[in-house]
Number of protein chains: 2
Amino acid sequence: MSIQTQIDPAQEPSATQRAYLAIRRMILIGELPPGEKLKIERLRTILDMGGSPIREALTLLVSDLLVERLDQRGFRTAEISPQNFSEILNLRCHLEKMALRESLTNADHAWEDKLVISHHRMMREPRTNVEPFEALHKAFHMNLLSACHSPVLLKFCNQLYDLNIRYRYLAGKALNYSKRDIGKEHTDIMNAAVDRDADKACHLLLDHYRNTGAFLEKHFVTEAAE
Amino acid sequence: MSIQTQIDPAQEPSATQRAYLAIRRMILIGELPPGEKLKIERLRTILDMGGSPIREALTLLVSDLLVERLDQRGFRTAEISPQNFSEILNLRCHLEKMALRESLTNADHAWEDKLVISHHRMMREPRTNVEPFEALHKAFHMNLLSACHSPVLLKFCNQLYDLNIRYRYLAGKALNYSKRDIGKEHTDIMNAAVDRDADKACHLLLDHYRNTGAFLEKHFVTEAAE
DNA sequence: ATATCCAATAATATCGATTTTCTGCTCGGT
DNA sequence: ACCGAGCAGAAAATCGATATTATTGGATAT
């Protein structure tokens, strides 16, 4: 068995899997705007496959809250709203706090290594490569929580993360965090985590989220006023 | 337009919907035991429909954590474990506490009426009618939270509730809450909620869950030892 | 002019058949 | 006797076609 096979056990992802990832990406980055009707026929031609895997992928996305199903009337991308945004933010803060505390309780050396590596990778990626950077950013945040032994909680955090990042993409270039040093915020969070200082790490993490949230909310208001 | 149409807008549920409800029920009540292979062909004959709605229903159940998908190898019902059980219980306590507090903040008269009605309906249903009683029991608990303005949080609570009730069914007849007066516990919770005493209501609710949880956990241990 | 009904159209939901992938077993080699 | 390659048989995944169901635009009656 080659190393290649070990690294890539899913040689050829199923059509459903491909469709799921492709549609999910299009929704997250805003290529499919909120409320957009998702016609099977159109997606079929774009992704070049039959209707069944498309429908299955959309069904998976319904549970991620990225797609809404209208009985007998097909699918559409989830709507956005300021209420929904602040709901996501608030829930995220609560759940990630729980997860982070639990994670720090169980944290071992292997976890610490993973965390440092993902931090490093994130820092070296230019923020202008938006999609690659965001992937590494998410990896860093999820690694923080990864020693938490509650798969369900982690799943929720992961879901909420994606819902939030969608708003980030939608706000798009309009965002410039001029007054903040995001890099330092991440480093501080990591250091507190490595020190197993749960109170400090939680405090820093939530501030990090709330600051970003405030930025986005402001942007929301501005846009709505236009 | 007749009243009938208004009351029952979904005259004939789609095959997917029917399959979803039927399979979900079979898993919750333990008719499909944990870890069971879910063959499409078999479900097709049982539910008398094509493979597509079955697959879609199963996909929906994956997101409910009641079914696991094995890439290219079909579906099976979710496994159970003591770890999973206590994880569910713990998360449930945290999330329902949040939801209940928020709900009591927003609670109005209409909410109060709904709560009282659902409590009454639950109390008058004999506990020996297991499935109808459980439906009313769930309705009561969800009504407690229903004034909470966070759809996502409510969705999570709902999901966790179902995961938990599955364990309850699996433990089955073995359960007798001889030493407890479940009826009184519910009434006390309701009264605290009606009084908008959030601290008391949360305290009572969590005790209610944790007591049941301890019962079930004991049962788990006993069964594992057999 | 407006609302209502109907027909044509478009899209979804579902089915049956086909293709692909897995699984267990047999057979030959060591 | 044990291990692994190769071969059915079973099951899953996917496709293309059909049956159902919504939607739209226009004709008719008020």
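Per chain, numbering begins at 1; letters A, B, ... match sequence-line order.
- The distance between atom CG of A:Asp71 and atom C1' of D:dT23, rounded to the nearest whole Å, is 16 Å.
- Residue B:Gln72 places its side chain closer to C:dT21 than to any other of C:dC15, C:dA13, C:dT21.
- Residue B:Phe140 forms a ring-ring contact (aromatic ring centres under 6.0 Å, His included) with just one option from B:His119, B:His120, B:His208, and that option is B:His119.
- Proximity note for B:Ile40 (side chain, C-beta onward) versus D:dA12, C:dT14, C:dC15: the nearest is D:dA12.
- Side-chain N or O atoms of B:Trp111 include one that pairs as donor or acceptor with a backbone N or O of B:Asn143 at under 3.5 Å.
- Distances shorter than 4.0 Å separate some side-chain N or O of A:Arg55 from OP1 or OP2 on C:dA13.
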Side-chain donor-acceptor distances from residues 152-160 of chain A under 3.5 Å, at least two apart:
from	atom 1	to	atom 2	distance (Å)
A:Gln159	NE2	A:Ser63	O	3.3

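- OP1 or OP2 of D:dA12 lies within a sub-4.0 Å distance of a side-chain N or O belonging to B:Lys37.
- Between A:Glu41 atom CD and C:dA10 atom P the separation is 12 Å, expressed in whole Å.
- Distance B:Leu43 CG to D:dA11 P: 12 Å, rounded to the nearest Å.
- D:dA10 atom P lies 17 Å from atom CZ of B:Arg42, rounded to whole Å.
- The side chain of A:Phe75 approaches C:dA13 more closely than any other nucleotide in the set C:dA13, C:dA11, D:dT14.
- Following rounding to the nearest Å, B:Leu70 (CG) and D:dA10 (P) show an atom-to-atom distance of 21 Å.
- For the pair B:Ala78 and B:Arg166, the tightest heavy-atom approach, listed with the atom from each and the gap, is O-NH2, 2.8 Å.
- B:Glu56 has its CD atom 14 Å from the C1' atom of D:dA13, to the nearest Å.
- Position along DNA chain D of the nearest nucleotide to A:Gly50 versus A:Arg73 favours A:Gly50 as the more 5'-ward residue.
- Atoms CE (A:Met49) and P (C:dT20) sit 15 Å apart, rounded to a whole Å.
- Note on B:Leu38: only backbone sugar-phosphate atoms sit closer than 4.0 angstrom, heavy atoms only; bases stay farther off.
- When the P atom of D:dA22 is taken as reference, atom NZ of A:Lys39 falls 17 Å away, rounded to whole Å.
- Listed nucleotides: D:dT14, C:dC15, D:dA13. Nearest to the side chain of A:Pro53: D:dT14.
- Remark: A:Thr16 is in phosphate contact with D:dT14, judged by side-chain N or O atoms under 4.0 Å from OP1 or OP2.
- Distance from the side chain of B:Arg44 is smallest to C:dG16 among C:dG16, C:dA13, D:dT14.
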For the pair A:Ser150 and B:Glu87, evaluate side-chain hydrogen bond (donor to acceptor under 3.5 Å, both in side chains) and give the outcome as yes or no after the intermediate values. CA-CA 6 Å; A:Ser150 174; B:Glu87 182 194 351; 2.6 Å; yes
